[in-house]
Amino acid sequence: MILPLHDELRAAIGDALARLYGLGPDRAPAIVLDLTPNRQLGDLATPVAFELARRLKKAPRLIAQELAAALAASQSVARVEPTHAGYINVFLDRPVFLRARLAGLPPRSSADLKTIVEHTAINPNKAAHIGHIRNAALGDTLVRVLRFRGTEVEVQNYIDNTGVQVADVVVGFQQLEQKHLDDVRALSERDRFDYHCWDLYARVTEWYEADRDRLRLRAAALHEIEHDVGETAAIGHLLADRIVRCHLRTMGRLNIEYDLLTWEGDILRLQFWAQAFELLKQTGAVFHQDKGRLAGCWVMPIEDGSTPTDDPEETAGTAGAEPGTTDDDADRLKVIVRSNGTVTYVGKDIAYQLWKFGLLGRDFFYRIFDRRIDGGPVWATTATPPADPLSPPRFGAAGTTYNVIDVRQSYLQKLLQQALRAMRHEREAERSIHFSYEMVALSHATARQLGYEIADADRERPFVEVSGRRGLGVKADDLLDVLVEKALAEVSKRNPEMDAREAGRVARMIAVAAVRYFMIKYSRGKVIAFDIEEALSFEGESGPYLQYAAVRAGSIFQKLQDREGLTETDVMGTLGRTDAAELTAGPDELWTLVLESSRLDEVVEQVVRTLEFSNLAKFAFGLAQLFNAFYHKYPILNEERRDTRLWRAAGVSYFRSQMTKTLELMGIRVPGRM
RNA sequence: GCGCCCGUAGCUCAGUUGGAUAGAGCGCCGGACUUCGAAUCCGUAGGUCGCAGGUUCGAGUCCUGCCGGGCGCGCCA
């Protein structure tokens with residue numbers, strides 16, 4: 001880890017700035033530390049002299065010289081050199097650096113408040129698809145990255161069990177399949193119930209389109225589900241419960257788990273909204289509109305004017321007819337409660353967001369829904385006190401929330417922040433972070449391969465949009481199945497002696513690596529045109545490539561132990577009395593591998609700051625490339641010079657440990673062989 | 001109309017507190033397995049960083065305008 005060293009250097013430079021130029025911490029510029037472009041120039045560099053040149057009326061080169069001379073030698077720094085241009089280059093003491101890192105540094109403490117990450121949130125009415133994998137992979141990586149730096153994280157998965165999508169499939173069961181509760185229950189016991197619902201959902205959509213009057217059945221079903229009455233609601237409950245279990249299994253395959261499932265139905269039944277409404281009224285965040293076209297509604301003023309005013313006639317008409325209530329005003333109002341007294345979707349979300357921050361003044365009841373792989377409970381909310389006394393942890397009441405939702409929900413997320421602001425919860429508004437990302441579409445080739453007719457609208461575009469409604473998309477489990485199958489073929493080919501169980505286990509790890517790396521490596525603002533051929537590639541920039549590097553490093557130590565009984569700990573123990581010329585004066589690759597390996601903590605901070613996981617992915621990939629090149633060029637087991645061998649082994653040991661941690665952050669495991 | 005996002009090599013993309021010579025994968029062409037595993041490595045070719053201004057010692061990165069593309073803006077969820 002390199003950040004402790006950054007801290008140390010910043011302190012030293014800051015100290016020198018104060019002594020030389022009288023620039024105390026309040027007046028000194030931010031001290032930027034970068035890696036130098038190559039090892040000849042040193043290891044870390046700061047351009048701080050450029051920043052100061054104008055202020056001190058002095059050439060950068062002079063400042064750099066003075067600062068370099070003033071920096072006291074320390075245990076970790078071998079020497080400091082000013083460059084002609086004005087950079088200050090720092091050369092680290094390589095053996096001291098590596099030995100300290102192998103010995104392990106104390107973890108940095110985090111001052112962060114408890115953080116809630118909400119992700120996945122798939123409608124519980126059909127199988128998960130690749131778009132959902134992107135959401136969950138991003139969300140889960142965020143969770144891991146936050147926890148890595150010491151932040152307390154609670155993972156929530158929101159279940160919209162009272163929405164239109166659930167109602168649609170219930171209508172499908174009742175109208176298209178003539179099924180009753182018991183029939184659906186029997187069906188749900190069968191394998192891949194979620195696949196059945198996927199198809200049924202598409203059929204219902206077509207059925208509605210054939211006769212728009214049928215939409216009345218949807219409205220009726222929705223009403224019954226919302227009010228929890230009759231067999232329709234019972235089927236809705238069953239459907240959502242069973243589909244959520246399918247989703248948990250699918251996500252479990254990808255090493256993704258949750259602490260709490262929050263059910264929308266419980267928010268309704270516990271009347272969170274009523275409570276939130278009181279708070280909104282008390283703070284004046286919403287008000288009743290008496291006249292105009294929103295007469296009878298409770299509305300919230302919104303900041304931006306991004307509502308369409310594409311009908312100039314209407315604008316002119318209303319403005320003239322109702323002085324004082326111009327449409328300009330009306331356009332900056334968002335309806336929260338309709339004139340018929342029902343709440344819009346924003347209302348429910350405001351209540352939920354308030355609860356997340358512990359600002360609602362109400363809580364759910366909790367039940368245990370399932371078990372995690374580690375045996376711990378997956379909790380779920382419930383609207384009734386459980387019969388058995390349970391002791392759930394304190395859920396909610398966070399200092400920061402991340403809502404991982406695709407970019408199309410930006411407007412809603414912005415409204416949530418504005419509601420918090422209007423209620424004078426400025427700090428919470430600031431800490432309601434919408435982690436947005438672009439959608440996953442399909443490449444033309446893959447869409448064709450799946451047998452979909454490409455609509456005219458899509459023909460001109462570089463990708464085909466996924467549509468759950470039409471059943472157009474790649475199911476998550478199908479993708480995983482294909483990947484496992486391909487990985488298994490490779491593993492068996494390369495390791496004929498491996499038994500079938502183990503080969504299957506390894507193949508699953510490889511499949512997970514392939515999918516998760518694929519979802520992480522693009523920046524979140526980019527549409528992914530998913531192509532099955534590309535995702536199936538295990539070569540080049542891929543998850544399996546990363547695993548392969550770690551496996552190779554591991555196998556060196558496996559052999560070292562088998563042949564000579566030497567462990568990584570043994571190697572570490574000898575370094576103090578081993579000449580370090582290989583590291584200090586040998587080829588740069590070994591030292592570069594060590595230095596780059598140490599940057600994980602720096603990369604993690606960058607990732608949290610920018611919420612851009614491609615940085616993490618590229619770091620991992622670059623590190624694997626460095627190692628693979630090193631591996632090819634510099635032997636360890638077959639190296640005869642003992643000192644050289646030990647220092648190389650030490651470098652590889654550190655690489656292996658850092659690489660494994662990096663992969664863990666992406667939810668990727670390292671098999672023993674592959 | 002307004003708001004947000006995207007535009008970097010043939011293709012797909014990194015490059016996000018502004019820093020030294022703009023990178024990778026794939027594809028193309030050519031090399032390296034009696035050696036710690038070739039899911040690998042080495043090399044060649046390939047660039048007006050959408051366009052035009054501006055700020056700066058320094059701009060792919062920041063600002064302004066424009067061009068091209070995507071998404072969003074309901075008393076739907």
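Note that these values count all heavy atoms, side chains included, but never hydrogens, waters or copies made by symmetry. Proteins get letters first, then strands, A, B, ... in listed order; numbering begins at 1 in each.
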Length of the line joining A:Arg218:CZ and B:A77:C1', which is rounded to integer Å:
10 Å

So, are A:Arg609 and A:Glu605 salt-bridged, with charged N and O less than 4.0 Å apart?
no

Classify the glycosidic conformation of B:C62 as syn or anti, calling it syn when the angle lies within 90° of 0.
anti

Are the aromatic rings of A:Phe272 and A:Tyr352 close, with centres under 6.0 Å apart?
no

Against the side chain of A:Lys559, the closest entry in B:A77, B:A39, B:C36 is B:C36

Select base, sugar-phosphate, or nothing to describe what A:Asn615 touches, counting heavy atoms under 4.0 Å on all strands.
sugar-phosphate

Let's see if you can work this out: which of B:A20, B:U17, B:G37 has an atom nearest to the side-chain heavy atoms of A:Arg10?
B:U17

For the pair made of CZ in A:Arg673 and C1' in B:U40, what is the distance, rounded to whole Å?
15 Å

Counting any heavy atom closer than 4.0 Å, what does A:Ser542 reach on the DNA or RNA strands: base, sugar-phosphate only, or nothing?
nothing

Please determine, for the side chain of A:Pro635, which listed nucleotide (B:A38, B:A20, B:C36) has the closest atom?
B:C36

B:G18 P sits how many Å from A:Gln606 CD, rounded?
12 Å

Considering only side-chain heavy atoms of A:Ser555, which listed nucleotide, B:C36, B:C71, B:G19, is closest?
B:C36

Using a heavy-atom cut-off of 4.0 Å across all strands, would you classify A:Gln625 as base, sugar-phosphate, or nothing?
sugar-phosphate

Once you apply a heavy-atom cut-off of 4.0 Å, does A:Asn38 come out as touching a base, just sugar-phosphate, or nothing?
base

Take the protein atom CZ of A:Arg408 and the nucleotide atom C1' of B:C4, then report the distance between them rounded to whole Å.
14 Å

Tell me, which of residues 41-57 of chain A have any heavy atom that sits under 4.0 Å from an atom in RNA chain B?
A:Ala45, A:Pro47, A:Phe50, A:Glu51, A:Arg54

Hey, does A:Phe530 reach any base, or is it just sugar-phosphate, or nothing, if we go heavy atoms under 4.0 Å?
nothing

Could you check whether A:Phe621 gets within reach of a base, just the sugar-phosphate, or nothing at all, counting any heavy atom under 4.0 Å?
sugar-phosphate

Whole angstrom is fine here: how far is it from CH2 in A:Trp273 over to C1' in B:A77?
15 Å

Which pairs, with at least one residue in residues 50-62 of chain A and sequence neighbours excluded, count as a salt bridge (Lys or Arg N to Asp or Glu O under 4.0 Å)?
A:Lys58-A:Glu66

Tell me: CD of A:Glu438 to C1' of B:G72, nearest whole Å?
10 Å

Could you tell me whether the side chains of A:Tyr437 and A:Asn135 share a donor-acceptor contact shorter than 3.5 Å?
yes

Please say which of A:Lys414, A:Gln353, A:Gln417, A:Gln413 ends up in a side-chain hydrogen bond (donor to acceptor under 3.5 Å, both in side chains) with A:Ser432.
A:Gln353

Mind checking A:Ser339 for me? I need base, sugar-phosphate or nothing, with any heavy atom below 4.0 Å counting as a touch.
base

Considering residues at least two apart in sequence or located in another chain, which fulfil the side-chain hydrogen bond (donor to acceptor under 3.5 Å, both in side chains) criterion with A:Glu534?
A:Tyr522

Quick one: does A:Tyr345 reach the base of B:A77 with a side-chain donor-acceptor pair under 3.5 Å?
yes

Could I get the full list of ring pair (Phe, Tyr, Trp, His ring centres under 6.0 Å) partners for A:Trp273, not counting sequence neighbours?
A:Phe277

Look at all strands and tell whether A:Val491 reaches a base, only sugar-phosphate, or nothing, counting heavy atoms closer than 4.0 Å.
base

Test side chain to side chain contact (heavy atoms under 4.5 Å, CB included) applied to A:Thr83 - qualifying residues, sequence neighbours left out:
A:Ala85, A:Tyr87, A:Asn89

Acceptor/donor pairs from residues 617-629 of chain A side chains to any protein atom, 3.5 angstrom cut, sequence neighbours excluded:
residue, atom, partner, partner atom, Å
A:Lys618, NZ, A:Glu541, OE1, 3.2
A:Lys618, NZ, A:Glu541, OE2, 2.8
A:Asn628, OD1, A:Arg552, NH1, 2.7
A:Asn628, ND2, A:Tyr545, OH, 3.1

For A:Ser339, which residues count as a side chain to side chain contact (heavy atoms under 4.5 Å, CB included) partner, sequence neighbours excluded?
A:Cys297

Looking at A:Glu264 and A:Lys348, does any basic side-chain N land under 4.0 Å from a carboxylate oxygen?
yes

Taking only N and O in the side chain of A:Ser410, is any of them less than 4.0 Å away from OP1 or OP2 of B:C5?
no

Would you sketch RNA chain B in dot-bracket for me? Only Watson-Crick or G-U wobble pairs with both distances under 3.5 Å count, crossing pairs as [ ], other-strand pairs as |, the rest as dots.
(((((((..((((.....[...))))..((((.......))))......(((((..]....))))))))))))....

Would you say a side-chain N or O of A:Arg648 is under 4.0 Å from OP1 or OP2 of B:C36?
no

Partner residues of A:Tyr654 under the ring pair (Phe, Tyr, Trp, His ring centres under 6.0 Å) criterion, sequence neighbours left out
none

So what does A:Asp562 hit on the nucleic acid, given a heavy-atom distance under 4.0 Å: a base, only sugar-phosphate, or nothing?
nothing

When you check the side-chain N and O atoms of A:Gln418 and A:Lys334, is any donor under 3.5 Å from an acceptor?
no

Closest nucleotide among B:U35, B:G37, B:C75 to the A:Thr344 side chain:
B:C75

Polar side chain donor-acceptor pair, A:Ser653 to A:Glu568, under 3.5 angstrom
yes

With the threshold set at under 4.0 Å for non-hydrogen atoms, list the residues of residues 162-171 of chain A touching RNA chain B in residue-number order.
none

State, without any angle test, whether A:Gln561 and A:Asp570 hold a side-chain donor-acceptor pair at a distance under 3.5 Å.
no

The side chain of A:Glu539 is closest to which nucleotide in this list: B:U40, B:U17, B:G15?
B:U40

Would you please test A:Arg134 and A:Asp406 for salt bridge (Lys or Arg N to Asp or Glu O under 4.0 Å) and show each step?
CA-CA 10 Å; A:Arg134 188 176 193 181; A:Asp406 79 60; over 6 Å; no

Taking any heavy-atom pair under 4.0 Å as a contact, classify A:Ile510: base, sugar-phosphate, or nothing.
base

Base, sugar-phosphate, or nothing for A:Ala514, non-hydrogen atoms under 4.0 angstrom?
nothing

Spell out yes or no: do the side chain of A:Asn89 and the base of B:A20 have one donor N/O and one acceptor N/O closer than 3.5 Å?
yes

Nearest-angstrom distance from the residue atom CD of A:Glu465 to C1' of B:C71:
9 Å

Report which part of the nucleic acid A:Tyr87 touches: base, sugar-phosphate, or nothing (heavy-atom distance under 4.0 Å, all strands).
base

Regarding the side chain of A:Thr610, the nearest nucleotide among B:A20, B:C36, B:U16 is B:U16

Nucleotides 6-13 of chain B: which of its N/O atoms have a protein N/O under 3.5 Å away?
residue, atom, partner, partner atom, Å
B:G7, OP1, A:Lys526, NZ, 3.3

Which part of the nucleic acid does A:Met439 contact within heavy-atom distance under 4.0 Å: base, sugar-phosphate only, or nothing?
nothing

Please list, chain by chain and in numerical order, all residues satisfying side-chain hydrogen bond (donor to acceptor under 3.5 Å, both in side chains) with A:Gln65, sequence neighbours excluded.
none

Please state the P separation for the pair B:G10 and B:C4 - nearest whole angstrom.
32 Å

